[in-house]
Amino acid sequence: MSSTPSGSRTYPQIYAVVRRIPRGRVATYGQIARLAERPGAARLVGYAMHRCPPGLPWHRVINAGGRISLPAGSTGALAQRRRLEAEGVRFAGDRVDLKRYGWSPNGAPE
DNA sequence: CGTGTGACGCGAG
DNA sequence: CCTCGCGCCACAC
């Protein structure tokens, strides 16, 4: 237990965390990495998201700056923003207020 | 079986 | 506000 040989479990773990993000809320890569028991591996989350399987609310994952990481103007970025707005997430310019829409893994029911 | 790399994070200048 | 650089880990070639 203490040493969770997550090893190859890392990806599934990341996906599991992303799936837990409630609708209308967003989580940052670093936060997900931490919840996936891989603190500091934010890049891994990004890597995992790049390979995200279908059915995953990948659009609820943004960077710590509250911005969409995908290249601005790219199809993915536009799709992500559109989905978030469809869930009630408002954008301040090209940024999201994490204080307001940031997901609290501890108990914050929406 | 080694190297590079990437939807990141953050301190410093 | 910006840029620069290091750390980080699994996966692709």
Side-chain angles (χ1 to χ4, degrees):
Chain A
M1 316 227 296
S2 24
S3 48
T4 314
S6 357
S8 43
R9 247 185 244 195
T10 307
Y11 262 52
Q13 259 282 28
I14 292 170
Y15 297 138
V17 175
V18 175
R19 251 188 262 277
R20 279 159 70 194
I21 304 173
R23 184 172 172 286
R25 248 4 80 70
V26 295
T28 67
Y29 296 93
Q31 182 146 22
I32 291 169
R34 199 175 311 165
L35 293 171
E37 302 184 65
R38 286 279 156 319
R43 305 184 103 198
L44 259 286
V45 179
Y47 212 101
M49 303 300 347
H50 195 151
R51 304 255 128 199
C52 68
L56 196 82
W58 61 272
H59 58 267
R60 293 184 193 140
V61 185
I62 58 177
N63 65 35
R67 302 185 197 147
I68 295 174
S69 290
L70 291 157
S74 67
T75 311
L78 291 173
Q80 180 167 18
R81 174 169 179 161
R82 196 166 78 171
R83 282 173 188 240
L84 288 174
E85 291 186 307
E87 295 186 353
V89 178
R90 304 246 198 131
F91 273 75
D94 59 334
R95 240 165 132 191
V96 176
D97 186 352
L98 291 175
K99 294 194 165 167
R100 202 171 149 99
Y101 302 104
W103 171 45
S104 300
N106 250 316
E110 317 153 67

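Because only heavy atoms are used, hydrogens play no part in the values below, and waters and symmetry mates are left out as well, while side chains stay in. Within every chain, numbering begins at 1; the chains are lettered A, B, ... in the order of the sequence lines, protein sequences first and strands thereafter.
Atom CZ in Arg83(A) sits roughly 19 Å away from atom P in dA7(B) (whole-Å rounding). Between the CD1 atom of Ile32(A) and the C1' atom of dG6(B) there is a distance of 16 Å, given to the nearest Å. Distance CE (Met49(A)) to C1' (dA10(C)): 15 Å, rounded to an integer number of Å. Look at OH on Tyr11(A): it is 6 Å from C1' on dC11(C), rounded to the nearest Å. In this structure, the CG atom of Leu78(A) is 14 Å from the C1' atom of dA7(B), given to the nearest Å.
Annotation: side chain of Pro105(A) is not in contact with side chain of Arg20(A) (no heavy-atom distance under 4.5 Å). Between Leu35(A) and Trp103(A) there is a side-chain heavy-atom pair separated by less than 4.5 Å.
Along DNA chain C, the nucleotide nearest to Arg51(A) and the one nearest to Ala41(A) differ in position, and the one closer to the 5' end is contacted by Ala41(A). DNA chain C is contacted by both Tyr47(A) and Arg67(A); Arg67(A) maps to the nucleotide lying nearer its 5′ end (nearest heavy atom per residue).
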Base-contact (B) and sugar-phosphate-only (S) positions in nucleotides 8-13 of chain B, heavy-atom cut-off under 4.0 Å, - elsewhere: BSS---

Show every donor-acceptor pair shorter than 3.5 Å between a side-chain atom in residues 66-75 of chain A and any protein atom, with sequence neighbours excluded, or say none if there are none.
| unit_1 | atom_1 | unit_2 | atom_2 | d |
| --- | --- | --- | --- | --- |
| Ser69(A) | OG | Asn63(A) | ND2 | 3.4 |
| Ser74(A) | OG | Pro71(A) | O | 2.6 |
| Ser74(A) | OG | Ala77(A) | N | 3.2 |

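Considering only residues two or more places apart in sequence or on other chains, Tyr15(A) meets the ring-ring contact (aromatic ring centres under 6.0 Å, His included) condition with Tyr11(A).
For the pair Arg81(A) and Phe91(A), the distance from NZ or CZ to the six-membered ring centre is under 6.0 Å and the angle to the ring normal is within 45 degrees.
Applying the side chain to side chain contact (heavy atoms under 4.5 Å, CB included) test between Arg60(A) and each of Arg19(A), Arg83(A), Glu87(A) identifies Glu87(A) as the sole match.
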